[in-house]
Amino acid sequence: RIPVPLGLFFLVVIVSTIGSLAWSAGMSTEGFDVLRNPVFRPLVQMVSLGLRASAFVAVQMWASDDASWARVCKATLFASTLVAAYGLYQFIGYYNGWPVMTIHRAEAGMSGGYAFFAIGSLTIFRVGSFVGEPKVAAQFVLPSIILIMFARSTVNVRLRSWLTSVPILVLHVVAFILTFATSSIFGLFLSLPVLAY
């Protein structure tokens, strides 16, 4: 059984995704300019925070024993592995002319926006998630990096699988770096003392 908070989270995500596709069809690539207005922005952020909190509480209700937590962790690792693999595909594919999905809030021709990172005169393509900005991919992959390191450094055999192997860890780390998401990279360094503990 799925708890009500988690069901609400899924419902809002599905409806908002379908609505965004229908609403932004004839809009600019920036999209949702009204919701980004300073008047509505705090309300949007509060709703987003409330949904995330409800999902967190719901997962705690859903996975109340060790076996359930292990299944949730492995499902998270599987999902982040897909994101990391697609990120690597994006990076290699962009420079080889493969079909690559446009990064959210970047121009349709991928000639600007958040899809690129500049180091001096060098312009580097930034990988993102399936439908999100590079920082979204980084925020998704980072917890899995920590989870894999935790699983490999403890005796908790419930988390040991091919999803916690060294190649998967390397894949996550490479995809994380290729996002060039400064906020997430700074967050990683700030959390290193806690992670080490």
Side-chain angles (χ1 to χ4, degrees), residues 6 9-10 12-13 16-17 44-60 62-63 66 68-94 100-106 113-119 124-154 156 158-197:
L6 195 58
F9 178 80
F10 288 150
V12 172
V13 169
S16 63
T17 301
V44 172
Q45 295 291 351
M46 289 301 296
V47 171
S48 175
L49 179 61
L51 285 172
R52 293 167 188 267
S54 69
F56 178 75
V57 172
V59 169
Q60 285 191 316
W62 198 11
D66 291 343
S68 297
W69 270 113
R71 288 195 295 269
V72 170
C73 290
K74 288 181 179 179
T76 302
L77 288 174
F78 181 75
S80 65
T81 299
L82 293 180
V83 172
Y86 181 68
L88 198 60
Y89 167 84
Q90 285 182 88
F91 187 80
I92 298 174
Y94 174 74
V100 179
M101 188 180 296
T102 307
I103 304 299
H104 179 56
R105 293 181 64 195
Y114 287 89
F116 295 93
F117 182 79
I119 303 180
I124 301 176
F125 176 74
R126 302 173 62 188
V127 307
S129 64
F130 290 96
V131 292
E133 300 173 13
K135 65 180 180 181
V136 175
Q139 292 169 357
F140 198 88
V141 172
L142 177 57
S144 291
I145 293 175
I146 296 173
L147 182 59
I148 293 173
M149 294 175 64
F150 170 76
R152 295 190 61 80
S153 61
T154 65
N156 191 340
R158 292 180 183 273
L159 294 179
R160 299 289 179 84
S161 71
W162 65 273
L163 291 169
T164 58
S165 62
V166 173
I168 297 298
L169 176 60
V170 171
L171 175 64
H172 278 73
V173 171
V174 169
F176 177 74
I177 293 173
L178 292 179
T179 63
F180 290 94
T182 52
S183 59
S184 296
I185 292 176
F186 288 148
L188 173 62
F189 283 109
L190 290 174
S191 63
L192 281 179
V194 178
L195 176 61
Y197 174 77

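In this chain, residues are counted from 1 in sequence order.
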Can any side-chain N or O of Arg126 pair as donor or acceptor with the backbone N or O of Leu178 at less than 3.5 Å? no
Side chain to side chain donor-acceptor pair (under 3.5 Å) filter on Ser68, not counting sequence neighbours, yields Asp65, Arg71
Using atom types as modelled and distance alone, determine if a side-chain donor or acceptor of Ser184 lies under 3.5 Å from a backbone N or O of Ala181. no
Does some side-chain heavy atom of Val166 sit less than 4.5 Å from a side-chain heavy atom of Arg152? yes
Donor-acceptor pair, Arg158 side chain versus Ala70 backbone, under 3.5 Å? no
Exercise: identify the closest heavy-atom pair between Ala151 and Leu159: CB-CB, 3.8 Å
Ile185/Phe176 under side chain to side chain contact (heavy atoms under 4.5 Å, CB included): CA gap, chis, key distance, verdict: CA-CA 8 Å; Ile185 292 176; Phe176 177 74; 3.9 Å; yes
Hey, mind stepping through Thr81 and Leu171 against side chain to side chain contact (heavy atoms under 4.5 Å, CB included) and telling me if it holds? CA-CA 8 Å; Thr81 299; Leu171 175 64; 4.1 Å; yes
Quick one: does Pro134's side chain get under 4.5 Å of Val127's, heavy atoms only? no
As an exercise, state the distance from NE2 of His172 to CG of Leu77, rounded to the nearest 0.5 Å. 6.0 Å
Is any side-chain heavy atom of Thr179 closer than 4.5 Å to a side-chain heavy atom of Lys135? no
Of the non-hydrogen atoms in Val83 and Ala137, which two are nearest, and what is the gap between them? CG1-CB, 4.3 Å
Look at the rings of Trp162 and Phe78 and say which category their plane angle falls in: under 30° parallel, 30 to 60° tilted, over 60° perpendicular. perpendicular
Would you sort out whether Thr164 and Leu169 count as a side chain to side chain contact (heavy atoms under 4.5 Å, CB included), showing the intermediate values? CA-CA 7 Å; Thr164 58; Leu169 176 60; over 6 Å; no
Listed partners of Thr154 passing side chain to side chain contact (heavy atoms under 4.5 Å, CB included), at least two apart: Phe150, Asn156
Where do Gly128 and Gln90 come nearest, in terms of heavy atoms and distance? O-NE2, 2.6 Å
